Amino acid sequence: MRKTRSLEQWRSIIEEQQASDLTIIDYCQQNALSKTTFYAARSKLMPHQEALFGKMMDTHLNLHVGVAYLSF
């Protein structure tokens, strides 16, 4: 059954997941949440964080690749 949640409810859910020791997938499974909907709500509520995470991943990947080249 489909349940509609407000953005405030999603904010609370996202904060609970972040405070837990569970991955998003595990948290969603244990709480009968769609992980796709979870990610969509998170990107609506935290667009700046998503952009920052993307930049961090790019930097991490660039550093990792650079280290790999130096290893050879």
Side-chain angles (χ1 to χ4, degrees):
M1 180 159 108
R2 189 174 182 162
K3 182 175 181 177
T4 304
R5 293 180 174 88
S6 70
L7 287 179
E8 280 307 310
Q9 288 172 315
W10 274 111
R11 186 181 317 277
S12 177
I13 289 167
I14 292 164
E15 288 172 357
E16 284 180 25
Q17 184 279 323
Q18 291 174 338
S20 75
D21 289 332
L22 299 172
T23 64
I24 290 172
I25 293 171
D26 290 340
Y27 182 86
C28 288
Q29 286 175 344
Q30 288 186 14
N31 291 281
L33 298 168
S34 162
K35 68 180 181 201
T36 303
T37 306
F38 182 97
Y39 284 117
R42 187 178 73 166
S43 69
K44 278 185 183 180
L45 290 167
M46 303 178 189
H48 176 70
Q49 236 178 6
E50 294 294 319
L52 180 60
F53 180 73
K55 286 181 183 178
M56 288 181 350
M57 286 302 293
D58 288 344
T59 302
H60 175 73
L61 290 174
N62 288 338
L63 290 173
H64 192 63
V65 169
V67 171
Y69 284 123
L70 291 174
S71 298
F72 291 109

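Because the structure is predicted, anything quoted here is derived from the model rather than measured. Side-chain atoms are counted along with the backbone in the values below, which use heavy atoms only and exclude waters and symmetry mates.
- Between I24 and Q29, the closest side-chain pair of non-hydrogen atoms is not below 4.5 Å.
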| message | With side chain to side chain contact (heavy atoms under 4.5 Å, CB included) as the criterion, how do K44 and W10 come out once you've worked through the C-alpha distance, each side chain's angles and the decisive distance to 0.1 Å? | response | CA-CA 10 Å; K44 278 185 183 180; W10 274 111; over 6 Å; no

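- Taking every heavy atom of both residues into account, Q17 and T23 meet most closely at NE2-C, 3.6 Å.
- Rounding to the nearest 0.5 Å places OH of Y39 at 7.5 Å from SG of C28.
- Grouping the Ile, Leu, Val, Met, Phe, Trp and Tyr side chains by contacts below 4.5 angstrom, directly or via other members, places I14 with L7.
- Residues Y27 and E16 meet the side-chain proximity criterion, which asks for heavy atoms closer than 4.5 Å.
- Of all the heavy atoms in S43 and A40, the pair that sits closest is OG-O, 2.9 Å.
- The structure places CZ of R42 at 14.0 Å from CZ of R11, a figure rounded to the nearest 0.5 Å.
- Put simply, the side chain of D26 never gets that close to the backbone of L22: no donor and acceptor are under 3.5 Å apart.
- In this structure, Q9 contributes its side chain and S6 its backbone to a donor-acceptor pair below 3.5 Å.
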| Would R5 and L33 count as a side chain to side chain contact (heavy atoms under 4.5 Å, CB included) if you check the C-alpha gap in whole Å, the side-chain angles of each, and the deciding distance to 0.1 Å? | CA-CA 11 Å; R5 293 180 174 88; L33 298 168; 3.5 Å; yes

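- To the nearest 0.5 Å, atom CG of residue L45 and atom OG of residue S12 are 11.0 Å apart.
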